[in-house]
Amino acid sequence: MQRIGVFVCWCGSNIAGTVDVHAVAEALKTESGVVFSTDYQYMCSQAGQDIIKNAIHEHSLTGIVVCSCSPRMHEATFRKTAAAAGLNPYMVEIANIREQCSWIHKDMLSGTEKAIILGKAAVAKVNLNAPLTPGQSTVTKRALVIGGGIAGIQTALDIADAGFPVDIVEKKPTIGGKMAQLDKTFPTLDCAACILTPKMVDAAQNENIRIYSYSEVTEVGGYVGNFDVTIKRKARYVKEDICTGCGLCTEKCPQKKVPNEFNLGMDNRRAIYIPFAQAVPKVATIDADYCTMLKTGKCGVCAKVCTAGAIDYNAKDEFVKEKYGAIVVATGYNPISMEKFDEFAYSQSKDVITSLEFERLTNAAGPTSGKLLRPSDGEHPHKIVFVQCVGSRCENCAEKGKEYCSKICCMYTAKHAMLIRDKYPDTDVYVFYIDVRTPGKAFDEFYRRAVEEYGVHYIKGMVGKVVPEGKKLLVQASDLINGKQLHIDADLVVLAAAIEPDKSARPLATMLTASMDTNDFFTEAHPKLRPVESPTAGVFLSGCCQGPKDIPETVSQASAAASKVIGLLVKDHLTGNPCIAQSNELMCNGCSSCERVCPYGAITYEEKEFRMPDRTTKLRRVASVNPAVCQGCGACTVACPSGAMDLNGFKNNQIMAEVDAICKM
Amino acid sequence: MQDVKEFKPVIVAFCCNWCSYAGADLAGSNRLAYPADVKIIRVPCSCRVNPMFILRAFQRGADGVILCGCHPGDCHYSTGNYYTRRRMSMLFSMLDFLGIERDRTRVEWVSAAEGAKFAATMNEFVEKVTALGPNKRLEDLRCKQ
Amino acid sequence: MNNTELKKEILRISGVNVKKCMKCGKCSASCPAYDEMEFHPHQFASMIDNGEIEPLLRSDSLYRCLSCFACMERCPRGVEPAKLIEAVRLTAIRKQGANRMTADDVPQMLDDNTPGQLLVSAFRKYTK
Amino acid sequence: MGVIMKVTYFPGCTLKNKARDLDEYGRKSAEVLGITLEEPKAWQCCGGVFTTANDEIATKLSSVRLLRSAKDADQPLVTVCSACHNVVKQTNHAMKNDIVFRDRVNRYMAEETPYNGETTVYHYLELLRDVVGFSNVAMAVKKPLAGKKIGAYYGCLLLRPGKVLGMDDPENPRIIEDLIVALGGEPVIYARRNECCGGYVSAESPALAEKNSGKVIDNAAAAGAEMLVTACPLCKYNLEKYSSKLPIVYFTEILAEALGIKEEVNE
C-alpha cells in the first residue's frame with residue numbers, strides 16, 4: 001500500500017481563482033492511499049518545495065500527487081524535489097488543474113469538481129506507480145561513416161578534429177564521390193577538385209581517420225553507443241599497403257577496352273586502374289570482370305611490371321568486425337537512368353548526354369581534356385540545348401521518374417550554360433525550363449547573370465521530342481511565353497536527369513533499422529528540429545541520402561551530423577529514459593507482433609530456459625527490449641496479443657485506473 | 001424526489017504527450033474554453049492507447065471517448081499515429097457493430113500549435129455526445145457502486 | 001449550359017484532373033499537329049480549368065488533334081490532354097446538326113488507295 | 001511446326017479489301033508458325049479510333065461483342081491492324097478496369113453473363129514475341145532478308161497509351177526491330193518511328209498528313225533505311241501518298257517472304 005501525499009497549488013489566483021483549492025485538498029484526503037493533503041500558494045517556489053520535502057520525511061510518503069500546472073511545465077521540478085528528499089522521482093504524478101481546468105472554466109463549481117476528478121485520477125495512478133531507474137550503457141568512442149563523398153569526408157574530418165577516431169567505408173576504390181567528377185561548382189565557379197582534393201588528402205593523413213575503400217558494410221548489430229558492424233573489404237588484388245600508386249601497371253595492362261566509369265563510359269580504362277590522378281587511397285585496383293589473368297589465368301603483365309610486388313591475384317574478400325558508438329549514413333545519390341525517356345533519344349545518339357556526362361566533358365581531366373567536343377564526331381558544338389526536369393516532378397511516371405524536385409539541376413544547368421558562353425561565345429545555348437528554382441545564397445543572381453550577361457536563351461517550356469537526323473539533333477519544344485512550337489537543330493542536347501538515392505541505401509536502411517520514405521531517402525527524426533538524426537538512436541544522416549542537396553547544404557549537414565556524433569561520443573555513459581517497454585517473459589508467446597511494429601528495432605527475440613510447474617525446463621522464444629534503444633512510444637504494448645508487453649510509467653493498469661477514476665462508476 | 005438534472009456527459013480524452021497534450025495546454029494558455037466534462041489522460045503516443053482502454057471507459061459509464069495524436073507524418077515516434085489510425089478504424093467498426101453510435105468516438109490530429117483546434121474539437125465533440133444522451137449500451141452494471 | 005456546367009461536363013466525360021497540370025508545356029512540345037491548331041494541348045488544360053470553354057468549342061483545333069496520344073504518353077503529371085480535346089470535341093458535335101463531315105464529303109476524299117479505315121475513323125471523329 | 005495455339009482472329013474492315021496483303025500474308029505465316037487463326041462468323045468494324053470519353057458506349061459495343069466471342073471460344077483474341085489493336089485493347093482495358101462503364105455496357109448488352117474484360121488481346125507481333133517466340137520465328141526462316149536495311153514504323157496506335165496497351169516501351173520500342181533481326185534483316189532505328197503519320201486527319205487536312213509523313217520518311221531515309229514496315233493500313237496509305245522515297249510494306253509481308261511463302265500467297 002502506498003503512502004501518498006497530495007499537494008494542491010494555488011498558482012496565485014491562476015488556479016485558486018476558479019478552483020476551490022481547499023475543497024480539492026479535502027476531497028482527495030479520503031482517496032485510497034492518501035495520508036497527507038495540503039494546499040499552498042506557489043508549490044513550485046522554494047517554500048512550496050520544502051513543504052513537499054518535509055511531508056515526505058514526516059509522513060514517510062512513498063508517492064506524491066501535485067495538482068498544479070501542466071507536467072510539461074514543472075514535472076521535472078517536482079521530480080527533482082522528490083529525489084532530493086530521497087524519493088524515487090518516478091513516484092511523482094501531476095494533475096494538470098491549470099491549463100486543463102482553471103484557465104478554461106469560468107465557474108468555481110464545475111472547475112472544482114473537475115479538479116477533484118483529475119486529482120483522483122492522478123492518485124489512482126500513483127497507487128500503481130513503481131520506482132524506476134534509468135538504464136545506463138557505455139559508449140564506444142569510435143564513429144563509422146558510410147560513404148566517402150563530400151558528405152562523408154566532411155563528417156569524418158569534423159569528428160576526427162574533435163579527437164575521436166572515425167572509419168570511412170567507401171564502396172568505390174577511392175573516396176571523393178560525385179564531387180570528384182564535377183568540373184566547377186556554383187555559384188562561385190571554383191573548381192571542384194581544387195576544393196575537394198585537399199579535403200581528401202586531409203582525411204587520408206588524419207591519424208584519427210581510417211579509410212576502408214573498396215569496402216561495404218554487410219552487417220550491423222547492437223544499438224546506440226555499441227554498434228557491431230561487419231565490413232566487407234572487397235578483393236582489389238593489389239596490396240594496399242605496398243602499392244605506391246606509381247601507375248605503371250595501369251599503363252602496361254593489355255586490356256584496354258574497359259568502360260571508364262569515372263568518365264561515365266565516355267572513354268576506356270585498363271583492367272587494372274586508379275580511378276583518377278588524385279584518388280585516395282592512391283592504389284591500383286584490378287577489375288575482376290575484365291582482368292585476363294583472373295579470368296583465364298594467362299597474362300600477369302601487371303605483376304611483372306610492379307617493382308613493389310603489390311599484385312596479388314589470389315586475394316579474397318575479407319571481413320572485418322568493428323565496434324562503433326555512432327554511425328553516419330552518407331551514401332549519396334545517382335542520376336536516374338535515361339532509358340525510359342527515349343523521346344529525348346538518349347539511347348539513339350551519343351550527342352544526347354546527361355548533365356553529369358557534361359561535367360566530365362568540360363573537365364580538364366575528362367575524356368576530351370576539357371574541350372567541349374561532341375562525343376559522336378569530336379566536333380565543336382555550336383548549338384546546345386539543355387532540358388530541365390528530366391524525370392523530376394514526374395507524378396504520372398513513377399516507374400520512369402521521380403515525383404520530387406531534384407533541387408540541384410536549375411543551378412548546375414545555369415552553370416553549364418554560363419561556362420559554355422564564357423569559353424565559346426560563338427555557341428548558342430538554349431535552356432528549356434518549367435520553373436527556375438534558385439533559392440540559395442547568391443543563386444538567383446547567378447542565374448540572372450547567365451541570362452543577362454552571358455546571353456543564355458532561357459525558354460519556358462519543355463522539349464517533347466529529339467530527333468537525331470544526319471549530324472543534327474532536331475529538337476521539338478514548346479515556347480509557352482510566345483505561344484510557339486520551336487524546332488531547333490542542335491549539335492548537343494544535355495538532359496538534367498533527376499537524382500535518386502544510391503541503390504545501396506535501401507539494404508543499408510534495413511540493416512540499421514533506420515526508416516526511409518517511399519523514394520528511398522532516409523527519414524530524419526524530425527523534419528525541422530532533428531534534421532540530421534535518423535529516428536534510430538545513434539544513426540545520423542549526412543548529404544543526399546536524406547534528400548536532394550547541393551554542395552553547400554551537404555557540407556552544412558555533414559558538419560551538423562558530426563556535431564551530433566561528437567555530442568554522443570563525449571559521453572561515457574548514456575542514461576536512458578526509464579519509461580520504456582518491458583516484456584513479461586512468462587506471458588510472452590514469441591509471436592513477433594511487437595517486433596514488427598517497433599520503429600526503432602528495439603525488440604529482439606531470444607531463446608530462454610524456463611522452469612515449468614512440473615519441474616522440467618523448457619526452451620521458449622521470448623521478446624526482449626533493449627533499454628538503450630526503446631524510446632517508450634508504446635506501439636508494441638497494443639500490438640501484443642497476450643498482454644505481456646507493458647510500458648513503464650504508463651502501464652496498462654495505471655491508465656485503466658485513471659479511466660476508472662474519471663468515469664467514477 | 002430527485003430533480004431531473006441536466007445531462008452532463010463523461011468524456012475521456014486520450015492525448016499524446018508531444019502534440020495533442022501540448023495543444024490542450026495551449027488552449028488553456030489562450031483561455032479557450034471547452035466544457036469541464038472533458039478529462040484528459042496523458043499517454044506518450046496515441047499508439048499507446050489500447051482499444052481496451054476505450055472499451056473500459058464505456059463500460060465504466062463514459063459517454064464519449066476521444067483520442068488525439070500528432071498529425072500523420074509528424075509523430076514524435078515517426079509511425080505511432082499510423083498504427084493508431086488503423087487500430088481505431090478497426091475498433092470503430094466493431095463499436096458500430098455493437099451499436100455504439102459513431103459520434104461517441106473520435107480520432108483527431110491536433111498539433112502542439114493547434115490550441116484553437118483542440119478547444120473547437122472538444123466543444124463540437126461534447127455537443128454531439130450530449131445530443132446522443134447517456135451511453136447505456138456498453139455500461140457494465142456490475143461496475144455500478 | 002454555362003461555362004461552369006460545361007467545365008464540369010467536360011471533366012466528367014474526360015475523367016481528367018486538370019489541377020494536376022504543372023504548365024510545363026511538354027504536351028504541346030510533343031504535338032505533331034501543333035502548327036495546325038489555334039489552341040494547343042496545354043491551353044486546353046488551362047482554359048478548361050479557367051472555364052473558358054466556348055472558344056474551344058468553336059475552334060477547328062478540335063478536328064486537328066490526331067488522337068496520337070503523344071501528349072498523354074509524355075505528360076509528366078498524368079493530365080492526359082488528348083482526353084480533354086476528345087471531350088470538348090464530343091460536346092461540340094453532339095449538338096444537333098453539328099456534324100463536321102457528311103456522306104457528301106466522301107467522294108472528294110477518295111482516291112484509288114484510300115483505305116476504309118480512313119473513312120471509318122474520320123466519321124468516328126467528325127460525326128455523331 | 002505443330003499447332004501451338006488456336007486463336008480468335010479479327011481482321012477488321014480494311015484487311016478485307018485495301019489491305020488484303022496484311023491479312024493474307026499474316027494468315028499464311030501463322031499457319032507455318034503453328035498458330036491457327038479462327039475468324040469469328042460475324043464481326044463488325046471496330047470503328048477505327050477509340051473514343052476516350054468514358055460516357056461513350058455505343059461506339060465501343062462492336063469491340064465488346066468481339067471480345068466476348070473470343071471469351072466464349074476460350075481463345076485469346078488476335079488483331080493485326082494497329083488501329084483495331086488499339087481500339088479493341090483499350091475497350092478491353094475499360095471493361096476490365098472502369099466499373100461504371102463496364103456495368104453500363106453489360107446492362108445494355110443484356111447477355112446472360114456479364115463480360116468483365118477476361119479476354120487476352122494480342123497484337124500479331126505480340127503473338128510472335130510472347131507465344132511463338134522470336135527465336136522460333138528465326139528458326140522457321142527459309143529465306144533470310146539478308147542485308148536488307150529495314151526501318152520499323154510504329155506510328156502512334158501500336159504503342160500508345162503505353163500503360164493501357166502494354167505492348168512495348170512507347171518511347172523506345174523494340175518489338176518490330178527484334179522481328180526484323182529474327183527474319184535476318186538489319187533494323188534501322190530512327191527517332192520518328194513512333195511519331196504520327198497524320199492519321200485520319202488526312203481526310204480533312206491533307207497538308208498536315210503530308211508534313212508528318214514526309215518527316216517520318218525523311219528521318220528514316222537519313223538513318224539509312226531502305227524500306228519501312230508498318231502494321232497499319234492508314235499509315236501505309238499516308239506514307240505512300242506523300243512520299244515515294246521509300247517502299248512501305250506490311251510487316252506480314254516481310255515475314256511471309258522470310259518464311260519462304262510469299263509466292264504461295266500470291267498464287
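The sequence lines fix the lettering, A, B, ..., with proteins before strands; numbering per chain opens at 1. Bear in mind that the values here come from a model prediction, so they are computed numbers and not experimental data.
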Side chain, backbone, both or neither of C:Leu66 within contact of chain D (heavy atoms, under 4.5 Å):
both

Among the options C:Arg64, C:Met72, C:Gln108, pick out the one with the most heavy-atom pairs lying under 4.5 Å from chain D.
C:Arg64

Quick one: what part of D:Lys241 sits under 4.5 Å from any heavy atom of chain C, side chain, backbone, both or neither?
side chain

Do C:Lys125 and D:Glu204 sit within salt-bridge range, that is, some charged N less than 4.0 Å from a carboxylate O?
no

Walk me through whether D:Glu195 and C:Arg74 qualify under salt bridge (charged side-chain N to carboxylate O under 4.0 Å, His left out).
CA-CA 12 Å; D:Glu195 291 291 301; C:Arg74 292 181 193 151; 2.9 Å; yes

How far apart are the closest heavy atoms of C:Met109 and D:Ala203, and which atoms are they?
SD-CB, 3.5 Å

Against chain D, label C:Asp105 side chain, backbone, both or neither, depending on which of its atoms sit under 4.5 Å from a heavy atom there.
neither

Is C:Tyr63 close to chain D through its backbone or its side chain, or both, or neither, when contacts mean heavy atoms under 4.5 Å?
both

So C:Arg12 and D:Asp55, side chain to side chain contact (heavy atoms under 4.5 Å, CB included) or not? Walk me through it.
CA-CA 9 Å; C:Arg12 184 185 64 78; D:Asp55 65 345; 3.7 Å; yes

Can a donor-acceptor pair be found, under 3.5 Å and without considering hydrogens, that links the side chain of C:Arg124 to the backbone of D:Thr59?
yes

So for C:Ser30, is it side chain, backbone, both, or neither that comes closer than 4.5 Å to the heavy atoms of chain D?
backbone

Most contact-rich option vs chain D, by heavy-atom pairs under 4.5 angstrom, among C:Gly116, C:Cys68, C:Pro32, is C:Cys68

Ignoring hydrogens and angles, tell me if any N or O in the side chain of C:Lys83 forms a donor-acceptor pair with the backbone of D:Asn54 under 3.5 Å.
no

Donor-acceptor pair, distance only, cut-off 3.5 Å: does the side chain of D:Thr14 make one with the backbone of C:Gln117?
yes

Check each atom of D:Ser205 against the heavy atoms of chain C and say whether the ones under 4.5 Å are side chain, backbone, both or neither.
side chain

Quick one: what part of C:Glu36 sits under 4.5 Å from any heavy atom of chain D, side chain, backbone, both or neither?
side chain

Using heavy-atom distances under 4.5 Å, tell me whether C:Arg100 contacts chain D through its side chain, its backbone, both, or neither.
side chain

Is it the backbone or the side chain of D:Asp98 that comes under 4.5 Å from a heavy atom of chain C, or both, or neither?
neither

May I ask you to check whether over 12 heavy atoms, not counting those of C:Leu110, lie within 6.0 Å of atom CG?
yes

Is D:Ala19 in contact with chain C via its backbone, its side chain, both, or neither, using a 4.5 Å heavy-atom distance?
neither

Contact leader toward chain C among D:Asn17, D:Asn86, D:Thr51, where contacts are heavy-atom pairs under 4.5 Å:
D:Thr51

From the list C:Ala87, C:Gly15, C:Cys65, C:Ser14, the residue making the most non-hydrogen contacts under 4.5 Å with chain D is C:Cys65

Sub-4.5 Å side-chain heavy-atom contact between D:Tyr200 and C:Tyr126
yes

Heavy-atom distance under 4.5 Å to chain C: side chain of D:Pro233, backbone, both or neither?
both

Flag side-chain contact, heavy atom, 4.5 Å: C:Leu90 against D:Glu56:
yes

Does any heavy atom of chain C fall under 4.5 Å from the side chain of D:Lys16, the backbone, both, or neither of them?
neither

Spatial distance of atom CG (C:Leu118) from atom CG (D:Leu234) [nearest 0.5 Å]
5.5 Å

Between C:Asp111, C:Val16, C:Ile10, C:Asp35, which has the largest tally of heavy atom pairs under 4.5 Å with chain D?
C:Asp111

Side chain / backbone / both / neither for C:Ser67 at chain D, heavy atoms under 4.5 Å
both

Using non-hydrogen atoms only, which part of D:Glu240 is less than 4.5 Å away from chain C: side chain, backbone, both, or neither?
neither

Out of D:Gly47, D:Cys196, D:Gly162, D:Pro206, return the one with the most heavy atom pairs under 4.5 angstrom to chain C.
D:Gly47

Do other residues, nucleotides or ligands put more than 12 heavy atoms under 6.0 Å from the CZ atom of C:Arg94?
yes

For D:Cys45 against C:Val120, the heavy-atom pair lying closest together:
SG-CG1, 3.7 Å

Evaluate the side-chain proximity of D:Leu165 to C:Phe69: yes if any heavy-atom separation is below 4.5 Å, no if none is.
no

Below 4.5 Å from any heavy atom of chain C, which atoms of D:Cys197 appear? Answer side chain, backbone, both or neither.
neither

Atom NZ of residue position D:Lys96 - does it have more than 12 heavy atoms of other residues, nucleotides or ligands inside 6.0 Å?
no

Pick from D:Pro161, D:Ala207, D:Ala209 with the largest number of heavy-atom pairs that fall under 4.5 Å of chain C
D:Pro161

